[in-house]
Amino acid sequence: MRIHAVDHPLVAHKLSTLRDERTDSPTFRRLADELVTLLAYEATRDVRTETVDITTPVTATTGVRLSHPRPLVVPILRAGLGMLDGMVRLLPTAEVGFLGMIRDEETLQASTYANRMPDDLSGRQVYVLDPMLATGGTLIAAMHELIRRGADDVTAICLLAAPEGVRMMERELEGTPVTVVTASIDERLNENGYIVPGLGDAGDRMYGTVG
Ligand SMILES: O=P(O)(O)OC[C@H]1O[C@H](OP(=O)(O)OP(=O)(O)O)[C@H](O)[C@@H]1O
Ligand SMILES: O=c1cc[nH]c(=O)[nH]1
Ligand SMILES: [Mg+2]
């Protein structure tokens, strides 16, 4: 398992506005969308391509296109859904699967309430979208499920990560083909399992509801 924190002034600028408690839901959704595009640029650095012949108005040459099997993008509902549009804009040929997961706010244990993904993921590159890596419980469970189905290259794109969750992932996913790309590794988790300084509850801020 590898972790990569993207160090870029545009990412830091957008993230600061996203964190601000005064940022309303429409602006939060727009910023999350813009941030995923910037993070995806880094996260797709190793996306598999194949060579194609093309002809420009000037000459014949070779180019590349995304190769088969197509990459799979998996947003983790709810909050990950706010990152889907930005991701498929960059990877328009990707297939999309869905995982619905919820963290019990008392025990901080993650459970899965929806699962709609191809059974066989052998040879597939998978991009998992979830804005928050807090204790890591949600992403670890998602990664185990994807690897069990045969995925051989999984990259999670998170807006924020807590050092506790990163350490837990490194321990639980040692030796697996998993990469995490994030805009920031924050200071810590608080006693309620929230990332500090963080941005609060990503799902609630995105959709304006409590849950
Ligand atoms: O690393 P963890 O400690 O597991 O926490 C992270 C998870 O918590 C949030 O989801 P939440 O359970 O609030 O669901 P929601 O997206 O529907 O709001 C967040 O979107 C992550 O999926
Ligand atoms: O800070 C946190 C932790 C988990 N989930 C969130 O939405 N925010
Ligand atoms: Mg939530």
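Read the numbers this way: they start at 1 and go in the same order the structure lists the ligands and their atoms.
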Exercise. Quick check: does A79 get an N/O under 3.5 Å from an N/O on ligand 1?
Worked result: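 Min N/O separation from ligand 1 is below 3.5 Å for A79.
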Problem set entry | Short N or O distance, Y113 and ligand 1, threshold 3.5 Å exclusive |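 No: no nitrogen or oxygen of Y113 is under 3.5 Å from one in ligand 1.
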Exercise. So which protein heavy atom does atom 8 (N) of ligand 2 come closest to, and at what separation?
Worked result: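 Protein heavy atom with the smallest distance to atom 8 (N) of ligand 2: G200 O, 2.8 Å.
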Exercise. Which option out of A162, G193, G198 puts a heavy atom nearest to atom 3 (C) of ligand 2?
Worked result: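 Selected option, by shortest heavy-atom distance: G193.
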Exercise. Any salt bridge between R205 and D20, counting N to O under 4.0 Å?
Worked result: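 Not counted as a salt bridge, because no side-chain N and carboxylate O are separated by less than 4.0 Å.
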Problem set entry | Check: D130 N/O within less than 3.5 Å of ligand 1 N/O |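 So ligand 1 has an N or O lying under 3.5 Å from an N or O of D130.
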Exercise. Which residue supplies the protein heavy atom nearest to atom 1 (O) of ligand 2, what is that atom called, and how far is it?
Worked result: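 Looking only at protein heavy atoms, the one closest to atom 1 (O) of ligand 2 is I195 N, 2.9 Å.
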For this session: Check each atom of ligand 1 against the heavy atoms of I102 and keep those under 4.0 Å away; list them by number with element.
Result: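 Listed by number with element, the hits are 12 (O), 14 (O).
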Problem set entry | Metal proximity, D201 vs the Mg ion (ligand 3), N/O/S cut-off 2.8 Å |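 True for D201.
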For this session: Considering the heavy atoms of G137, write down every atom of ligand 1 situated less than 4.0 Å from one of them.
Result: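 It comes down to these atoms of ligand 1: 1 (O), 4 (O).
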Exercise. Mind checking whether A202 has a heavy atom under 4.0 Å from ligand 1?
Worked result: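 Contact check A202 vs ligand 1: negative.
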For this session: Go through ligand 1 atom by atom and flag the ones less than 4.0 Å from a non-hydrogen atom of G136.
Result: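 Taking each heavy atom of G136 in turn, ligand 1 has 1 (O), 2 (P), 3 (O) under 4.0 Å.
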Exercise. At a non-hydrogen distance cut-off of under 4.0 Å, which region of A134 contacts ligand 1 (side chain, backbone, both, or neither)?
Worked result: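 Both backbone and side chain.
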For this session: For M132, take its heavy atoms, then give the atoms of ligand 1 lying under 4.0 Å from any of them.
Result: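 Answer for ligand 1: 6 (C), 19 (C), 21 (C).
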Exercise. Mind checking whether G203 has an N or O less than 3.5 Å away from an N or O of ligand 2?
Worked result: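 No.
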Exercise. What's the shortest distance from atom 7 (O) of ligand 2 to any protein heavy atom, and which residue and atom give it?
Worked result: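 Looking only at protein heavy atoms, the one closest to atom 7 (O) of ligand 2 is A202 N, 2.8 Å.
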Exercise. When you measure from atom 4 (C) of ligand 2 to every protein heavy atom, which one gives the shortest distance, and what is it?
Worked result: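 Of every protein heavy atom, R103 NH2, 3.4 Å lies nearest to atom 4 (C) of ligand 2.
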Exercise. Between L108 and ligand 1, is there a nitrogen or oxygen pair with a distance under 3.5 Å?
Worked result: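 N/O-N/O distance below 3.5 Å does not exist for this pair.
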Problem set entry | R148/E145 ion pair, N-O < 4.0 Å |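 Yes, charged N to carboxylate O under 4.0 Å.
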